[in-house]
Amino acid sequence: MKSAVETLNPTRVRLTVEVPFEELKDSLDAAYKKINQQVTVKGFRKGKIPARVIDQRFGRGAVLEEAVNDALPKFYTEAVNEAEVNPLGQPEVDITELKDGELLAFTAEVDIRPTIEIPDYSGIEVTVDAVEVTDEDVEKSVEQLRERFASTKTVERAAAEGDVVTIDLEAKVDGEVLPDGVAGDVSYTIGSGELLDGIDEAVKGLEAGGEATFTSQLKGGSAEGKDAEVTVKVTAVAARELPELDDEFAQMASEFDTLDELKADSRKRLENMKQFDQATQAQERVLDELLKLVEVPMPEKLLEDEINTRKHNLEHHQLGQMGLDLAKYLEIQGKTEEEFLAETKEQAEKGIKTQFILDELVNKEKLDVSREELTEHLFRRAASSGMSPDQFAQAVAQQGQVPMLVGEVARGKALAVVVEAAKVVDTNGEVVDLSDDEDEVETAAEAVEAVTGEAEVSEDK
């Protein structure tokens, strides 16, 4: 086999391959064997039809086509290895010559991983939010806990903000009651915003037995998006009663004996959350600065595939689960389709660029992924997917996605290396040291995943 490589641009090559016909022998034998198992010829046992009879009955062309389809992947892989290129995605193959008994020639155009030079990144500087927990933050946290332990008590008065009302609803469009427009004994907290627009104003001031009618645009159901005349009847009014903020509450709501201990724990938890947010912010901002430093040629076909993948995932997974289509989503977002596609393209370019740069850093810094790191990452991915670690691991193995998980951890380690080399200061001018963060690699991996999305830049040979 002879092959040559032509560089079409920094991200695409054309391989020209010539294969002597004798190298097709194994594939020709396999083609005859396959056809033998699929056809029946009178006078011959199944699987025992001579090659000359198959040629006469079904045509030599059919055999050649089967043989070439079988052989192409092997010859393409040999040409890729000989040319020492890193292909991305599937090639566009064109058979340029096929002479029976003489020669097979074909070309294969394919995107390749571009050559990237990683400059000195030690000069990167970013500013992040300071970790500050105020007394107000602590009070708000404790108040939220207090809300969870609220009780309700039926009252004989008009409904007011914060009350829990039991209501019956009936929705009409064009004077007709909707088939799915009637609901009874619905519990609703006034001011929560969890039901229809306008309901708060309608029920405020009503006592049990009171009724009101208002107009509201329906957010779901058979008449979604239409204006409906909604009749609401209050059947009960209950006031929410909050427990006293004292040591007894602390004992009821937590493992602590005193309210002061509960507040101290709340402060510590808030500090930990803000430190996590600060670390994530640092990683995201360092990554943005790193992307500015490196010039990355963009493979057009890879970019097109990534855009389509992101669009497909949004339409058929995220929006589908919410009962929305793309048009409705864009309407809610106040975006045109052109704006949406431009944003998707920008995000796709950033995701691909991030993968290329961090993969190059993995090689440059000779970063390896240990079994422990991969296991920890698998546990976290399993938790976010709602699956058990065993179920997630089995699914990953069956779908051949273990290399993808390894890549995610490796890129996280690469970003962590850059973050450690960068100067990170907070808004108070204090230097932030993230080197003691035990979860640094995992949080970095999550920061990378947020940029790269679900699609994986993979090499196919």
Side-chain angles (χ1 to χ4, degrees), residues 1-39 41 47-117 296-306 308-309 352 355-356 359-360 363 400 403 407 455-461:
M1 188 192 84
K2 293 192 299 183
S3 67
V5 60
E6 175 188 358
T7 300
L8 303 178
N9 60 49
T11 64
R12 195 165 179 83
V13 297
R14 178 189 293 122
L15 299 167
T16 302
V17 184
E18 292 186 357
V19 183
F21 202 81
E22 56 266 23
E23 293 194 30
L24 284 171
K25 182 180 184 307
D26 288 345
S27 294
L28 278 169
D29 291 344
Y32 279 117
K33 185 175 181 180
K34 182 176 180 180
I35 294 172
N36 241 309
Q37 299 300 322
Q38 293 175 339
V39 301
V41 176
K48 300 295 184 179
I49 308 169
R52 58 180 175 77
V53 175
I54 290 176
D55 289 346
Q56 291 169 357
R57 288 292 187 92
F58 306 102
R60 172 73 167 175
V63 179
L64 288 176
E65 182 179 356
E66 182 68 39
V68 169
N69 288 338
D70 176 74
L72 275 177
K74 183 186 78 160
F75 295 131
Y76 167 71
T77 300
E78 289 179 11
V80 163
N81 293 334
E82 190 174 296
E84 297 183 343
V85 295
N86 296 313
L88 301 169
Q90 295 299 316
E92 294 179 5
V93 177
D94 181 26
I95 297 174
T96 55
E97 193 172 359
L98 178 57
K99 291 184 178 179
D100 195 356
E102 295 182 30
L103 179 74
L104 164 67
F106 67 91
T107 61
E109 286 191 19
V110 67
D111 282 340
I112 59 168
R113 187 177 286 268
T115 301
I116 299 173
E117 292 294 329
V296 179
M298 188 61 54
E300 293 181 10
K301 182 67 168 58
L302 181 66
L303 176 60
E304 180 186 342
D305 290 344
E306 175 73 355
N308 290 335
T309 297
I352 293 170
Q355 288 198 43
F356 282 157
D359 285 347
E360 185 62 31
N363 295 329
E456 177 82 2
V457 176
S458 59
E459 296 178 6
D460 291 303
K461 296 186 180 181

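Source: prediction; values computed, not measured.
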Subject >> Partners passing side-chain contact (heavy atoms from CB on, under 4.5 Å) against Glu300 (at least two apart in sequence or in another chain) >> reply: none
**OP:** Evaluate the side chain to side chain contact (heavy atoms under 4.5 Å, CB included) criterion for residues Asp70 and Leu28: first the C-alpha distance (whole Å), next the side-chain angles of each, then the deciding distance (0.1 Å), finally the verdict.
**Re:** CA-CA 9 Å; Asp70 176 74; Leu28 278 169; over 6 Å; no
Subject >> Value rounded to 0.5 Å, distance of CD in Glu18 from CZ in Phe106 >> reply: 10.5 Å
Subject >> Atom of Val93, atom of Ala108 and distance for their closest heavy-atom approach >> reply: CG2-CB, 4.2 Å
Subject >> More than 12 heavy atoms of other groups within 6.0 Å of Glu117 CD >> reply: no
Original post:
Looking only at atom types and distance, does a side-chain atom of Glu306 sit under 3.5 Å from a main-chain N or O of Ile352, one as donor and one as acceptor?
Top reply: no
**OP:** First locate atom NZ of Lys74, then atom OG1 of Thr77, and finally report the distance between them rounded to the nearest 0.5 Å.
**Re:** 10.0 Å
**OP:** Over all heavy atoms of both residues, which pair between Ser3 and Glu82 is shortest? Give the atoms and the distance, please.
**Re:** OG-OE2, 2.7 Å
Original post:
Can Lys301 and Asp305 be counted as an ion pair, charged N to O under 4.0 angstrom?
Top reply: yes
**OP:** Look at Arg12 together with Glu92 and state whether they make a salt bridge at an N to O cut-off of under 4.0 Å.
**Re:** yes
**OP:** Identify the heavy atoms of Val80 and Pro87 that sit nearest to each other, and give their distance.
**Re:** CG1-CD, 3.7 Å
**OP:** Apply salt bridge (charged side-chain N to carboxylate O under 4.0 Å, His left out) to Lys33 and Asp29, showing your working.
**Re:** CA-CA 6 Å; Lys33 185 175 181 180; Asp29 291 344; over 6 Å; no
**OP:** Enter the distance from Lys99:NZ to Leu64:CG here, rounded to the nearest 0.5 Å.
**Re:** 14.5 Å
Subject >> Residues that Asp94 engages under salt bridge (charged side-chain N to carboxylate O under 4.0 Å, His left out), provided they are two or more places apart >> reply: none
**OP:** Taking all non-hydrogen atoms of both residues into account, name the closest pair between Val110 and Gly89 and its distance.
**Re:** CG2-O, 3.9 Å
Original post:
Judged by atom type as modelled, is there a donor-acceptor pair below 3.5 Å linking the side chain of Thr16 to the main-chain atoms of Ala4?
Top reply: no
Subject >> Side-chain heavy-atom pair Phe75, Leu15 within 4.5 angstrom cut-off >> reply: no
**OP:** State whether Asp359 and Arg113 are salt-bridged, where the test is any N-O pair (Lys NZ or Arg NE/NH1/NH2 against Asp/Glu carboxylate O) under 4.0 Å.
**Re:** yes
Original post:
Can you find a pair of side-chain heavy atoms, one from Tyr32 and one from Val63, that are under 4.5 Å apart?
Top reply: yes
Subject >> Taking every non-hydrogen atom, the tightest pair across Pro114 and Thr11 >> reply: CB-CG2, 4.0 Å
Subject >> CG-OG1 distance between Asn86 and Thr115, expressed to the nearest 0.5 angstrom >> reply: 8.5 Å
Subject >> Spacing of Thr107 atom OG1 and Tyr76 atom OH [to the nearest 0.5 Å] >> reply: 11.5 Å
Original post:
Got a sec, which residues hit salt bridge (charged side-chain N to carboxylate O under 4.0 Å, His left out) with Asp100, two or more places apart in sequence or on another chain?
Top reply: Arg60
Original post:
Which atom names give the shortest non-hydrogen contact between Pro297 and Phe356, and what distance separates them?
Top reply: O-CE1, 4.5 Å
Subject >> Spatial distance of atom CD (Glu84) from atom CD1 (Ile112) [nearest 0.5 Å] >> reply: 12.5 Å
